[in-house]
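Each remark here refers to the structure printed beneath this line.
Sequence lines set the chain letters: A, B, ... in the order given, protein chains first and strands last, and positions in each chain run from 1.
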2 protein chains.
Amino acid sequence: MTVIDGTPVKSPAVGSCVSAGPAHPRPDGQDRYTISEVAALTGLTAYTLRWYEQIGLMPQVQRSHNGQRLFDNRDLDWLAFVGTLRLTGMPVADMVRFAELVRQGEDTLDERQEVLERTRGELLARIGELQDTLTALNFKIDFYAGARRASGRA
Amino acid sequence: MTVIDGTPVKSPAVGSCVSAGPAHPRPDGQDRYTISEVAALTGLTAYTLRWYEQIGLMPQVQRSHNGQRLFDNRDLDWLAFVGTLRLTGMPVADMVRFAELVRQGEDTLDERQEVLERTRGELLARIGELQDTLTALNFKIDFYAGARRASGRA
DNA sequence: CACTTGCTTCGAGTCCGCTCGAACCCTCTA
DNA sequence: TAGAGGGTTCGAGCGGACTCGAAGCAAGTG
């Protein structure tokens, strides 16, 4: 992996918190990351990062003098946000649409907020659905516990 | 839709409970359903039902004298269970494996219970993940509320 | 200087979970 | 008896989200 500055970047534990806090691996000003560093940091592959850029899911990523991508802290923040949207179950196409709204600037703040609130509604519904699923699964597991006891193997 | 017996089957509301309770549309003994009835009852398409059978995700479905599938209440129960597993996020291939265990009979009770408990663990993790995602999303929405206020449009 | 490593682009390939088109067969009703 | 409206099989096609192979360039190392 090409490390750009000093501090070689350490990847966070798998499935770690992708949420709010800043705390970037490098301070603003020295925040240049190669694609493989970003891959390590985000858990995405370099393929996926390039593809995200290609489909318009990333803002314009900077390039070095020889054409290599240089990600910065703002890119990391954006990717963390994309990660959140992905976890909500939002399709990539919708994320691209959201990215377009961001590119269009302040005029789309209302629409963006609406999108996020709709997404939150769907997420809440999904969580509820999974909780119901958990209940059903628990029933089934209890049934198995009973069945095993009945057949004399528990 | 070909209705087989008396009582034309009424499909439940979308996203309704797919869990434990019996309460079949027709009592045992008169429980024969055409594929399109089952589609209406489960929300799956007839295509998907045939495909499920083909890949071994259904037990042997009965056939009428002229080769048409005849589902019964046990099939509906199984499909409800498959629906639960699907909601847990279990891949179809794993569900097929589970169906095989069921076919193998009582000897696989232990293994089946283990599978279900593992699945429950994954489901719990997923629910936690979604709750974290919700927290992150709430942050972002709050941020948008602030941004809109600051730009004088809220 | 050759080599390795890591990046670049491009288009193609993969995996999953369906979804469908085509050709055909029954049965019921007009 | 003709046609409509189910159903059947088979294999192909699709949408989504990546994933990769090939060919090439640039910088660092023995």
Hits for salt bridge (charged side-chain N to carboxylate O under 4.0 Å, His left out) against B:Arg86, two or more places apart or cross-chain, chain-then-number order -> none
Donor + acceptor pair across side chains of B:Asn73, B:Tyr33 (<3.5 Å): yes
Axis-to-axis angle for the helix from C:dC1-D:dG30 to C:dA30-D:dT1, ends of five pairs each, to 10°, equals 20°
Nearest whole angstrom, please: distance from the C1' of D:dG7 to the CZ of B:Arg32. 17 Å
Nucleotides 11-29 of chain D: protein proximity per nucleotide (B base, S sugar-phosphate only, - neither; heavy atom, under 4.0 Å): ------SBSB-----SS--
Could you check how far CG of B:Leu57 sits from P of C:dC16, rounded to whole Å? 15 Å
Can you list, pair by pair, the side-chain donor-acceptor contacts under 3.5 Å of residues 44-58 of chain A, counting residues two or more places apart and other chains?
| residue | atom | partner | partner atom | Å |
| --- | --- | --- | --- | --- |
| A:Thr45 | OG1 | A:Tyr47 | N | 3.4 |
| A:Thr45 | OG1 | A:Thr48 | N | 3.0 |
| A:Thr45 | OG1 | A:Thr48 | OG1 | 2.8 |
| A:Glu53 | OE1 | A:Arg69 | NE | 2.5 |
| A:Glu53 | OE1 | A:Arg69 | NH2 | 3.2 |

Show your reasoning for whether side-chain contact (heavy atoms from CB on, under 4.5 Å) applies to A:Ile141 and A:Leu137. CA-CA 6 Å; A:Ile141 289 173; A:Leu137 192 56; 4.2 Å; yes
Could you give the CD1-to-P distance, from B:Ile55 to C:dC16, as a whole number of Å? 11 Å
Starting at CG of B:Leu70 and ending at P of C:dC26, how long is that distance when rounded to a whole Å? 16 Å
Taken in chain and number order and not counting sequence neighbours, the residues that satisfy ring-ring contact (aromatic ring centres under 6.0 Å, His included) with B:Phe98 are B:Phe81
With a cut-off of less than 4.0 Å, is there a side-chain N or O of A:Arg63 near OP1 or OP2 of C:dT9? yes
Hey, what do you get for OH (A:Tyr144) to CG (B:Leu109), rounding to the nearest 0.5 Å? 6.5 Å
For a quick check under 3.5 Å, do A:His24 and A:Asp77 share a side-chain donor-acceptor pair by atom type? yes
Who passes salt bridge (charged side-chain N to carboxylate O under 4.0 Å, His left out) against A:Arg126, sequence neighbours left out? A:Glu129
Give the intermediate values and the outcome of side-chain contact (heavy atoms from CB on, under 4.5 Å) for residues A:Glu111 and A:Arg97. CA-CA 11 Å; A:Glu111 186 172 352; A:Arg97 169 79 188 130; 3.2 Å; yes
Atom pair distance, as rounded to whole Å: CD in A:Glu37 and P in C:dT5: 18 Å
Under 4.0 Å between a side-chain N/O of B:Ser64 and OP1 or OP2 of D:dG7, yes or no? no
How close or far is atom C1' of D:dT8 from atom CZ of B:Arg69, stated in whole angstroms? 7 Å
